[in-house]
Amino acid sequence: QVQLVESGGGLVQPGGSLRLSCAASGFTFSRYGMSWYRQGPGKERELVAAITNSGESTYYVDSVKGRFTISRDNAKNMMFLQMNSLKPEDTAAYYCKVVLWDSNSRAYWGQGTQVTVSS
């Protein structure tokens with residue numbers, strides 16, 4: 001079965017850094033693009049970053065450009081989100097997502113990992 005497991009969240013001070021990880025299983029990881037979403041309390045879930053299957057191309061929402069870096073290690077079935085210069089507005093639950101399109105396209109989500117940026 002498809003499984004996505006996020007880790008690496010926690011409490012960090014403004015200006016600090018965190019590195020989130022997403023461990024994937026149950027599908028051929030290297031064939032699929034991946035993405036990170038986040039959702040703060042009372043807010044809609046938003047796309048933060050995305051990466052193609054090969055890692056050659058990336059996307060970032062404007063609010064995190066220059067601060068966040070998405071990457072992947074296909075040999076380890078892992079995706080990462082390096083978050084630097086964190087701001088309180090980055091506080092949210094962060095989710096790993098993949099869309100499997102082999103037959104009937106379907107989105108799969110991890111359980112989320114909480115990031116809290118506070119002094």
Side-chain angles (χ1 to χ4, degrees):
Q1 63 179 17
V2 174
Q3 189 171 34
L4 302 171
V5 180
E6 302 95 335
S7 62
L11 175 64
V12 64
Q13 294 184 353
S17 297
L18 284 173
R19 190 191 196 207
L20 305 184
S21 298
C22 173
S25 60
F27 64 99
T28 305
F29 183 73
S30 62
R31 293 181 181 173
Y32 294 94
M34 300 286 295
S35 58
W36 286 99
Y37 283 70
R38 67 185 180 187
Q39 186 171 26
K43 300 178 181 178
E44 278 207 27
R45 193 168 297 189
E46 69 167 343
L47 176 64
V48 177
I51 188 166
T52 55
N53 66 304
S54 66
E56 70 179 3
S57 185
T58 58
Y59 163 85
Y60 301 94
V61 68
D62 285 347
S63 60
V64 309
K65 286 181 178 177
R67 300 189 298 119
F68 290 12
T69 303
I70 189 171
S71 62
R72 65 192 296 161
D73 185 340
N74 285 347
K76 296 180 179 180
N77 289 358
M78 296 282 290
M79 179 179 66
F80 308 97
L81 186 67
Q82 178 66 46
M83 305 185 296
N84 298 326
S85 302
L86 283 162
K87 305 174 180 180
E89 49 263 48
D90 296 318
T91 295
Y94 284 72
Y95 298 88
C96 180
K97 178 192 177 183
V98 63
V99 178
L100 302 187
W101 40 257
D102 286 334
S103 182
N104 185 28
S105 75
R106 185 163 60 197
Y108 294 86
W109 299 85
Q111 84 288 350
T113 186
Q114 179 66 37
V115 172
T116 302
V117 184
S118 177
S119 59

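Please read all numbers here as calculations on a predicted model, not as lab measurements.
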*Asks:* Quick one: pull up OH in Y108 and CG in L100 and give me the separation to the nearest 0.5 Å.
*Replies:*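 Y108 atom OH to L100 atom CG measures 5.5 Å (nearest 0.5 Å).
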*Asks:* Rounded at 0.5 Å granularity, tell me how far CD in Q1 sits from CZ in F27.
*Replies:*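 Output value for this atom pair is 12.5 Å.
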*Asks:* One pair to check against side chain to side chain contact (heavy atoms under 4.5 Å, CB included): M34 and V98. What are the steps and the verdict?
*Replies:* CA-CA 5 Å; M34 300 286 295; V98 63; 3.5 Å; yes
*Asks:* Where is the tightest heavy-atom contact between D73 and F29, given as atom of each residue plus distance?
*Replies:*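 The pair with the smallest heavy-atom distance is O-CE2, 4.1 Å.
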*Asks:* What closest approach, in Å, do T113 and G9 show between heavy atoms, and which atom pair accounts for it?
*Replies:*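 For T113 and G9, the tightest heavy-atom pair comes out as OG1-N, 3.1 Å.
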*Asks:* For the residue pair S35 and L47, what are the closest heavy atoms and their distance?
*Replies:*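 Taking every non-hydrogen atom into account, CB-CD1, 3.7 Å.
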*Asks:* Checking R72 side chain against G55 main chain: does a donor-acceptor pair fall under 3.5 Å?
*Replies:*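 Here the side-chain-to-backbone pair does not exist.
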*Asks:* Can you list the other members of the hydrophobic cluster that holds M78, where links are side-chain heavy atoms under 4.5 angstrom apart?
*Replies:*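 Listed partners: F80.
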*Asks:* Roughly how far, to the nearest 0.5 Å, is the CG atom of N53 from the OG1 atom of T28?
*Replies:*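 Going from OG1 on T28 over to CG on N53, the span is 11.5 Å.
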*Asks:* If you round to the nearest 0.5 Å, how far is CZ of R38 from CD of E44?
*Replies:*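 E44 atom CD to R38 atom CZ measures 14.0 Å (nearest 0.5 Å).
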*Asks:* Short question: side chain of E6, backbone of C96 - any donor-acceptor pair under 3.5 Å?
*Replies:*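 The answer is yes, because a donor-acceptor pair under 3.5 Å joins these two groups.
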*Asks:* Do V115 and M83 have side chains that approach each other closer than 4.5 Å (heavy atoms only, starting at C-beta)?
*Replies:*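 Result yes, sub-4.5 Å side-chain heavy-atom pair found.
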*Asks:* Show me the donor-acceptor pairs, under 3.5 Å and distance only, between side chains in residues 12-24 and residues at least two apart or in other chains.
*Replies:*
{"unit_1": "S17", "atom_1": "OG", "unit_2": "N84", "atom_2": "OD1", "d": "2.9"}

*Asks:* Are any side-chain N or O atoms of Y60 and backbone N or O atoms of G66, one a donor and one an acceptor, separated by less than 3.5 Å?
*Replies:*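 Not confirmed, Y60 side chain does not pair with G66 backbone.
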*Asks:* Do R106 and N104 have side-chain N/O donor and acceptor atoms under 3.5 Å apart?
*Replies:*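 Note: R106 and N104 side chains miss the donor-acceptor criterion.
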*Asks:* Let me confirm one number: the NZ-OH distance from K65 to Y59, rounded to the nearest 0.5 Å.
*Replies:*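 Spacing of NZ (K65) from OH (Y59) equals 7.0 Å.
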*Asks:* Would you please name every residue forming a side chain to side chain contact (heavy atoms under 4.5 Å, CB included) with S118, sequence neighbours left out?
*Replies:*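 With sequence neighbours excluded, S118 shows a side chain to side chain contact (heavy atoms under 4.5 Å, CB included) to L11, T116, given in chain and number order.
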*Asks:* Taking only residues two or more places apart in sequence or in another chain, which ones pass side chain to side chain contact (heavy atoms under 4.5 Å, CB included) with W101?
*Replies:*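 So W101 forms a side chain to side chain contact (heavy atoms under 4.5 Å, CB included) with Y32, S105.
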*Asks:* Search all heavy atoms of K97 against all heavy atoms of A107 and return the closest pair with its distance.
*Replies:*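 Closest approach of K97 to A107, heavy atoms only: CE-CB, 3.8 Å.
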*Asks:* Is there a donor-acceptor pair closer than 3.5 Å between any side-chain N or O of S57 and the backbone N or O of T52?
*Replies:*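 No: the side chain of S57 does not pair with the backbone of T52.
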*Asks:* Disulfide (SG to SG under 2.5 Å): which pairs involve residues 24-77, sequence neighbours left out?
*Replies:*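 Sorted pair list comes back empty.
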*Asks:* Identify, with sequence neighbours excluded, every residue that meets ring-ring contact (aromatic ring centres under 6.0 Å, His included) alongside Y95.
*Replies:*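 With sequence neighbours excluded, Y95 shows a ring-ring contact (aromatic ring centres under 6.0 Å, His included) to no residue whatsoever.
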*Asks:* In Å and rounded to the nearest 0.5 Å, what is the OG1 to NZ distance from T91 to K43?
*Replies:*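 Rounded to the nearest 0.5 Å, the OG1-NZ separation comes to 8.0 Å.
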*Asks:* How about K87 and V117: do any of their side-chain heavy atoms sit closer than 4.5 Å?
*Replies:*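 Of all side-chain heavy-atom pairs linking V117 with K87, none is under 4.5 Å.
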*Asks:* According to a 4.5 Å side-chain heavy-atom criterion applied to Ile, Leu, Val, Met, Phe, Trp and Tyr, with indirect links allowed, do V2 and V5 form part of one hydrophobic cluster?
*Replies:*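 No, separate clusters.
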*Asks:* For the rings on W109 and Y37, is their centre-to-centre separation under 6.0 Å?
*Replies:*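 Ring-ring flag for W109/Y37: true, centres closer than 6.0 Å.
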